[in-house]
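Convention: sequence-line order gives letters A, B, ...; per-chain numbering from 1.
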Amino acid sequence: MSKDSQMRAAINQKLIEMGERDRLKELLRAKLVECGWKDQLKAHCKDVIREKGLEHITVEDLVAEITPKGRALVPDSVKKELLQRIKTFLAQHSTL
Amino acid sequence: MKMEDMSLSGLDNTKLEALAQDIYSDLVEDACLGLCFEVHRAVKQGYFFLDDTDQESMKDFEIVDQPGVDIFGQVYNQWKNKECVCPNCNRSIAASRFAPHLEKCLGMGRNSSRIANRRIASSNNMNNKSESDQEDNDDVNDNDWSYGSEKKAKKRKSDKNPNSPRRSKSVKHKNGELSNSVNADPYKYNYNTGINYETLGPDELRSLLTTQCGVISEHTKKMCTRSQRCPQHTDEQRRAVRVFLLGPSASSLPDADTMVESDCYDASDGQVLMSRLQWDGSSDISPSDSASSKASTNNSDSKKPKKKKSLGLNSTGGGGGGGGGGSGSGGGSSSQSSLVGLSNRKKKPKLPVPPAPSIYDNLN
């Protein structure tokens, strides 16, 4: 599988080099804000913080609580669009 | 890293799909992390809970969801069916109509004066059979006084008078003929509140004429209510009107020049004038004045039928007519004599001296 991982690394590298990764990231952020995902998650954060106590909250706590919920809350349309763009990129740059 | 053996095209779809998914989840995780950092910083800096409202206010401003009431809890047509008693006329009026009713009832407010004026004017009109006038309502300020026998052609939105002149276009042509003789008053008016000069006594007329322009418009048969210096009418017209209304030797214009009147010179007087013309031209006429007097010569020509009030002079004795005077002398002298009068009228009161003869000598 090293070939695989090598290939992945190569692709990632290409993504970054061409600036495509940043573009995709920005696109995703914008869409998530638009669809209200961010506000939902923020509300969840508030609950977590109230639960854990304002003073004693840590980044690890937050990450552990938030990330799984965040992944689940992404709407399907956003997911599909992003996957589409990634595949397009891969298709365009299949020969490395 | 060797690139030639790294070809995606060799991959099957599932692997491609898996790859894409991996990249996607990396991106999502980045987004989540970003949010976490943001929140954590807000918490530690103390501004995380700042945008929350306290519970009490939340209860106060909760959205209301009852029938008959909007989301703020206000009733929509609360005042619709209530009635109030008007303090002025003691009638019971519906609440939503109360304010306009009060405006009319008390006679205050913008519309009530307009309506009242209209009523006065229409009652004036009822008494008179008149030929109508289809002026457009260009000049709101020009209140013309009526000769008495004319229907006012004011725009009436609510009052659909079947006899209104506006109903028939043919009337306009009639007026056009009439107005040919008077080119001094081409302006439109829209106001019906002209005072019938016939109903005014001489004293009232006199007092009116001392303060107002008073020129009677041929199309509308109304007197101009503007000031003495109204730009639409010339002093000659004003003098003529005063002669017409008050008699030849009645009052004089407030800004009277004591000069010979320009309109109805006899031939003999024309000679006298001619001799005056031979004086050394006083230098007080400026080129612009002569130009303007020359221009207004045409006016006076057409005004021949109109009598003009002489300023301090007996009109039967005095006056030289630009228009009428043409019969007496040649064209040149007529223009000159008209120039005399016109320039007299236009300039300083003290000088009866004719315009610089040098300019018009060649006319002779």
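A salt bridge does not link A:Arg8 with B:Asp26: none of the charged nitrogens is closer than 4.0 Å to a carboxylate oxygen. Using a 4.0 Å cut-off between charged side-chain N and carboxylate O, A:Glu20 and A:Arg23 make a salt bridge.
Options B:Asp52, B:Leu27, B:Leu33, B:Val39 differ in how many heavy-atom pairs under 4.5 Å they form with chain A, and the most are formed by B:Leu27. Between chain B and the residues A:Arg29, A:Arg71, A:Lys46, the most heavy-atom pairs under 4.5 angstrom are made by A:Lys46. Among A:Ile57, A:Leu82, A:Leu24, the residue making the largest number of heavy-atom pairs under 4.5 Å with chain B is A:Ile57. The candidate from A:Ile66, A:Ile49, A:Val78 with the greatest count of non-hydrogen atom pairs under 4.5 Å with chain B is A:Ile49. Ranked by heavy-atom pairs shorter than 4.5 Å toward chain B, the options A:Val59, A:Thr67, A:Val63 are led by A:Val59.
Proximity to chain B is absent for every atom of A:Lys69, based on heavy atoms less than 4.5 angstrom apart. Proximity to chain A is limited to the side chain of B:Glu38, based on heavy atoms less than 4.5 angstrom apart. If you measure heavy-atom distances from A:Glu65 to chain B, you find no contacts under 4.5 Å at all. Residue contact with chain B, scored on non-hydrogen atoms closer than 4.5 Å, is absent for A:Arg85. Both the backbone and the side chain of A:Leu62 come within contact range of chain B, each with at least one heavy atom under 4.5 Å from a heavy atom of that chain.
The number of heavy-atom neighbours closer than 6.0 Å to CG of B:Leu50, taken from other residues, nucleotides and ligands shown, is above 12.
Looking at heavy atoms from C-beta onward, B:Cys32 lies in side-chain contact with A:Trp37 at the 4.5 angstrom threshold. Proximity of A:Leu32 to A:Lys38: side-chain heavy atoms (C-beta onward) are nowhere separated by under 4.5 Å. Residues A:Pro75 and A:Lys31 have side chains not in contact (no heavy-atom distance under 4.5 Å, counting atoms from C-beta outward).
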request  = Please test B:Asp30 against A:Arg21 for salt bridge (Lys or Arg N to Asp or Glu O under 4.0 Å), starting from the C-alpha separation and ending with a verdict.
outcome  = CA-CA 11 Å; B:Asp30 271 355; A:Arg21 190 165 199 271; 3.3 Å; yes

